[in-house]
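In what follows, every heavy atom counts, from backbone to side chain, and hydrogens, waters and symmetry copies are set aside. Here is the naming used below: chain letters follow the sequence lines, and residue numbers restart at 1 for every chain. Since the structure is predicted, the reported quantities are computational estimates derived from the model, not experimental observations.
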2 protein chains.
Amino acid sequence: MGKIKTGKNNSKKDVIARKAAALFIKKGYTSASMRELAEAVGVEAPSLYNHIGSKSEILQTICFKIANEFTSHLDNTENSPVNALAQLETIIRFHIQMMLNNFDEVYVANHEWKHLKEPFLSNFLFQRRGYEKRLVVLLESGIKSDLFKKINPYVAVLTILSALRGLEFWQQHKKNISNQQLEEDMVNHLIKGLIK
Amino acid sequence: MGKIKTGKNNSKKDVIARKAAALFIKKGYTSASMRELAEAVGVEAPSLYNHIGSKSEILQTICFKIANEFTSHLDNTENSPVNALAQLETIIRFHIQMMLNNFDEVYVANHEWKHLKEPFLSNFLFQRRGYEKRLVVLLESGIKSDLFKKINPYVAVLTILSALRGLEFWQQHKKNISNQQLEEDMVNHLIKGLIK
DNA sequence: ACACAAAACTAACGCTTATTAGTTTTTATA
DNA sequence: TATAAAAACTAATAAGCGTTAGTTTTGTGT
């Protein structure tokens with residue numbers, strides 16, 4: 001049938017993962033078949049197994065790649081010398097950038113993690129829960145420093161993360177607004193509602 | 001094997017739909033099998049077909065029941081004599097109430113609509129898009145009346161709807177905060193960031 | 001108690017799934 | 001150009017899927 005076309009910096013496994021992410025968005029992980037994925041890649045289904053271990057492994061790769069990017073960015077931010085407000089703004093902007101620049105994989109990590117197999121499922125949820133908790137700590141510190149209103153920090157984190165996640169809908173609408181403007185408006189909406 | 005237990009005001013079809021919603025949340029629509037659903041209901045799989053037409057029909061029932069509830073509430077709100085800010089607040093509070101009181105069905109409508117069959121899929125998306133547009137009009141009217149900041153109304157609607165959707169995570173966390181407090185904090189966060 | 005309808009059951013169908021085995025073709029190296 | 005490895009292919013497997021057919025049990029009204 002064909003041959004997998006690789007670019008310069010991406011392996012065949014990368015090509016498969018990228019096509020898979022797009023397919024998982026369109027059909028959902030379970031409904032997306034290896035035969036469909038193979039067709040998107042330009043090859044017969046069994047040929048995929050020369051490059052990947054299993055369908056489930058593709059999902060793992062996508063989910064943990066994204067989870068690790070968020071986690072390591074948070075590591076860096078926490079170590080920066082600026083105050084809680086500036087840290088929060090940095091994090092919000094990073095989420096927005098990730099949604100705009102790595103849409104497919106972020107979407108899959110957000111929507112299809114449910115189909116990870118153990119122990120990956122537990123690991124993923126543990127990592128995500130840890131991320132949320134660190135944000136709550138950040139919010140608490142901002143409240144203690146009198147930077148933020150005395151809102152419940154869990155609620156604030158939930159609100160912010162959910163609003164950011166919702167950028168996935170932007171990809172579909174494509175309104176007449178630049179990414180720059182989008183980012184400023186969202187940061188403004190989410191932050192100014194917090195500042196005293 | 002058994003018999004479907006119906007309460008007073010719910011038909012056997014309702015019982016199936018309710019169990020199905022819970023199962024669709026746990027496994028996703030595609031991965032949830034009719035045999036699993038049957039077991040949850042307490043019956044053999046083919047027996048379900050005495051009460052429902054198909055698996056897909058269950059999903060349709062759930063999705064449109066929820067969509068219609070949101071649409072008709074918006075109808076009522078738009079006809080109320082209060083200003084845009086008060087209308088927006090009413091709508092936000094309704095979303096929060098729906099998330100807290102009809103969690104399973106709202107979750108399924110939000111996550112599994114992708115698996116609706118045509119023409120239901122198109123109808124559902126059309127209805128949802130219409131809902132969003134009406135909210136944008138509301139935001140625009142609020143901006144024109146100088147009630148809201150001059151933020152992009154699409155971005156604001158996206159931010160608000162996404163944050164509200166994110167209440168689905170609340171169900172899992174169950175932190176030490178009352179529904180009342182949760183509602184006030186979210187409304188405050190989302191609105192006060194808009195008011196001049 | 002009898003008759004009819006509702007709702008359960010068992011068995012099975014045709015289809016799709018991810019994956020494996022075994023083989024052939026392509027590519028890279030020397 | 002010969003050789004070895006990489007990567008494609010075809011064929012097939014076992015398992016699970018939604019659903020249908022046909023039959024038996026259960027419940028209801030007279």
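A:Leu135 has its side chain within reach of A:Leu74: a pair of non-hydrogen atoms, C-beta onward, lies under 4.5 Å apart.
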B/S/- along nucleotides 18-24 of chain C (protein heavy atoms under 4.0 Å) is BBB----
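In this structure A:Ser122 satisfies the side-chain hydrogen bond (donor to acceptor under 3.5 Å, both in side chains) test together with A:Glu118, sequence neighbours excluded. Legend: residues meeting side-chain hydrogen bond (donor to acceptor under 3.5 Å, both in side chains) with A:Lys27, ordered by chain and number and at least two apart, are A:Glu36. Residues satisfying the side-chain hydrogen bond (donor to acceptor under 3.5 Å, both in side chains) criterion with B:Lys65, sequence neighbours excluded, are B:Glu105. In terms of the side-chain hydrogen bond (donor to acceptor under 3.5 Å, both in side chains) criterion, residue partners of B:His115 (sequence neighbours excluded) are, by chain and number, B:Thr30, B:Glu112.
With respect to the salt-bridge test (charged N to carboxylate O, under 4.0 angstrom), the residues B:Glu184 and B:Arg93 qualify.
Phosphate contact (OP1/OP2 of C:dC9, side-chain N/O of B:Ser47, threshold under 4.0 Å): present. For B:His51, a side-chain nitrogen or oxygen approaches OP1 or OP2 of C:dA8 to under 4.0 Å.
Look at CD on B:Glu44: it is 15 Å from P on D:dT25, rounded to the nearest Å. Taking atom NE2 of residue B:His115 and atom P of nucleotide D:dG18, one finds them 13 Å apart after rounding to whole Å. One interatomic measurement links the two molecules: CD of B:Glu39 to C1' of D:dG18, which rounds to 17 Å at whole-angstrom precision. Put simply, NZ on A:Lys12 is 14 Å from P on C:dT26, counting in whole angstrom units. The nearest whole Å value for the distance from the CG atom in B:Leu23 to the P atom in D:dG18 is 10 Å.
Checked against a 6.0 Å centroid threshold, the rings of B:Phe70 and B:Phe94 count as neighbours.
Judged by distance alone with a 3.5 Å cut-off, a donor-acceptor contact links the side chain of B:Asn50 to the base of C:dA8.
Applying the 6.0 Å contact sphere to NZ of A:Lys19 captures no more than 12 heavy atoms from other residues, nucleotides or ligands.
The overall bend of the helix from C:dA1-D:dT30 to C:dA30-D:dT1, read as the angle between its terminal helix axes built from five base pairs each, is 20° when rounded to 10 degrees.
Checking A:Gln97 against A:Asn179 by side-chain atom types alone, no donor-acceptor pair falls below 3.5 Å.
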